[in-house]
Amino acid sequence: MSATRRIGASDLTVAPLALGGNVFGWTADRDVSFDVLDAFRAGGGDFLDTADGYSRWVPGNSGGESESIIGEWLASRGGRDDVVVATKVSTHPSFSGLSAANIAAGADASLARLQTDRIDLYYAHFDDASVPLDETVGALSALVDAGKVRAIGISNYSPERIDEWFEVTERGGFHPAVALQPQYNLVERDFEGALRDRAERFDLAVVPYYALASGFLTGKYRDGVTVDSPRAGGASKYLDDRGRRILSALDAAAAAHSASVTAVALAWLREQRTVLAPIASARTVEQVPDLLASLEVELGADELAALDDASATDGRDAA
């Protein structure tokens with residue numbers, strides 16, 4: 001299994017794979033979510049990713065369902081010190097945005113739902129340009145001082161706003177952010193420009209979401225195949241000539257390692273510069289082994305290059 005990795009300059013270490021909690025309370029009910037979490041822990045996973053807004057988009061939900069399920073699971077299973085829990089603030093309907101008051105109240109609400117005394121990694125989920133960055137960064141730093149948060153992360157910020165974030169941090173003497181959560185996978189590689197430059201410059205551990213491109217990189221979306229999934233529309237859009245090249249390269253590497261396409265796609269992402277741990281979710285317990293298997297797959301330089309070449313877009317070289 002891949003060795004544990006440190007989250008930036010923090011004292012947090014994790015196995016290089018995060019279990020996404022976006023499906024908990026959505027496509028995975030409480031009992032299935034518990035089974036998924038149990039299987040993930042039993043297989044060596046120790047990094048959980050959620051947000052205060054998950055899953056507000058489901059009819060009848062109000063936000064916070066994912067955190068509540070994780071909190072119930074933590075309370076029933078114990079072993080809080082054995083897992084690293086990341087959550088985010090700004091999208092819960094009752095705590096929308098990144099004002100200081102909202103961050104403080106949102107953190108307390110997340111702590112209550114998670115049934116824990118601290119959030120290990122707390123992200124500003126989406127930039128809120130209506131609030132001065134001094135206020136946002138200062139409020140997050142105050143949570144670290146209070147012992148409610150161990151480390152700070154940034155999600156969905158532009159390169160320019162990340163620059164401003166660290167200018168504010170230095171000027172105010174605040175606790176620095178240690179992690180960055182962008183969209184990044186074999187078919188979505190825009191991260192490899194200015195955002196990756198910022199991750200390197202500011203020592204941000206990258207924890208990519210949509211690591212499997214809404215399921216496309218599991219290999220189940222192919223010509224002539226109909227998939228019954230809430231994410232089918234988002235995944236099937238990738239089935240073009242480039243997508244087929246990527247699947248072909250994934251198939252070859254998967255065969256060479258006696259592994260699944262899912263495991264290879266996650267292993268490729270794990271080996272990219274600045275990436276700490278891809279985020280992948282499982283809506284059934286049967287999907288968990290393929291995620292964990294990615295920790296055992298060590299791709300060779302030629303295989304990494306073949307996947308880079310297959311996923312290169314017209315007009316640019318693979319990074």
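No experiment lies behind these values; they were computed from the predicted model shown.
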Check this for me, if you would: do [X] and [Y] make a salt bridge, where the nitrogen-to-carboxylate-oxygen distance has to be below 4.0 angstrom?
| X | Y | answer |
| --- | --- | --- |
| D38 | R77 | yes |
| D309 | R245 | no |
| K88 | D49 | yes |
| R150 | D11 | yes |
| R5 | E271 | yes |
| D251 | R222 | yes |

So, using side chain to side chain donor-acceptor pair (under 3.5 Å) as the criterion, who are the partners of [X] when residues are at least two apart?
| X | answer |
| --- | --- |
| D223 | R244 |
| T218 | none |
| D127 | R161 |
| S76 | none |

What residue pairs, at least two apart or across chains, pass ring pair (Phe, Tyr, Trp, His ring centres under 6.0 Å) with a residue in residues 75-121?
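Counting only pairs at least two positions apart or across chains, the ring pair (Phe, Tyr, Trp, His ring centres under 6.0 Å) contacts touching residues 75-121 are H92-F95.
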Show every ring pair (Phe, Tyr, Trp, His ring centres under 6.0 Å) that has at least one partner inside residues 139-183, sequence neighbours left out.
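As it turns out, the ring pair (Phe, Tyr, Trp, His ring centres under 6.0 Å) pairs with a partner in residues 139-183, which skip direct neighbours, are Y157-W165, F166-F202.
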Do side-chain atoms of [X] reach the backbone of [Y] as a donor and acceptor pair under 3.5 angstrom?
| X | Y | value |
| --- | --- | --- |
| E135 | A100 | yes |
| D46 | V83 | no |
| D52 | S110 | no |
| R198 | S158 | no |
| E65 | S55 | yes |
| S311 | I246 | no |

Atom [atom1] in [X], atom [atom2] in [Y]: separation rounded to 0.5 Å?
| X | Y | atom1 | atom2 | result |
| --- | --- | --- | --- | --- |
| L111 | L143 | CG | CG | 8.5 Å |
| D35 | T284 | CG | OG1 | 10.0 Å |
| F24 | T27 | CZ | OG1 | 9.0 Å |

Full working for side chain to side chain contact (heavy atoms under 4.5 Å, CB included) between Y238 and E188
CA-CA 10 Å; Y238 297 119; E188 298 283 359; 2.9 Å; yes
Not counting sequence neighbours, which residues clear ring-ring contact (aromatic ring centres under 6.0 Å, His included) with Y209? List them please.
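ring-ring contact (aromatic ring centres under 6.0 Å, His included) check on Y209 returns nothing, list empty.
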What pairs with Y54 under ring-ring contact (aromatic ring centres under 6.0 Å, His included), at least two apart in sequence or on another chain?
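Expected list: W57.
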Identify whether V288 and V32 are in the same connected component of the hydrophobic contact network (ILVMFWY, side-chain heavy atoms under 4.5 Å).
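Same hydrophobic cluster.
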Check for me, please, whether L304 and L269 land in the same ILVMFWY cluster - side-chain distances under 4.5 Å, paths through other members count.
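Yes.
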Taking only residues two or more places apart in sequence, or in another chain, which ones meet [X] in a salt bridge (charged side-chain N to carboxylate O under 4.0 Å, His left out)?
| X | result |
| --- | --- |
| D302 | none |
| R201 | D163 |
| D31 | none |
| D134 | R171 |

Given the rule in the salt bridge (Lys or Arg N to Asp or Glu O under 4.0 Å) test, do D81 and R118 qualify, once you have shown the distances and angles that lead to the verdict?
CA-CA 11 Å; D81 292 342; R118 81 280 187 190; 2.7 Å; yes
Carefully, step by step, assess W268 and D308 under the rule side chain to side chain donor-acceptor pair (under 3.5 Å).
CA-CA 9 Å; W268 175 87; D308 283 343; 3.0 Å; yes
Taking the side chain as C-beta and beyond, is there a heavy-atom pair between V149 and L140 under 4.5 Å?
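V149 does not reach L140 side chain to side chain.
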Can you confirm whether L295 sits close enough to P16 that some side-chain heavy atom of one is under 4.5 Å from a side-chain heavy atom of the other?
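Yes, close enough: below the 4.5 Å cut-off.
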Neighbour count >12 (heavy atoms, 6.0 Å) for atom CD, E170
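It does not: E170 CD has 12 such atoms or fewer within range.
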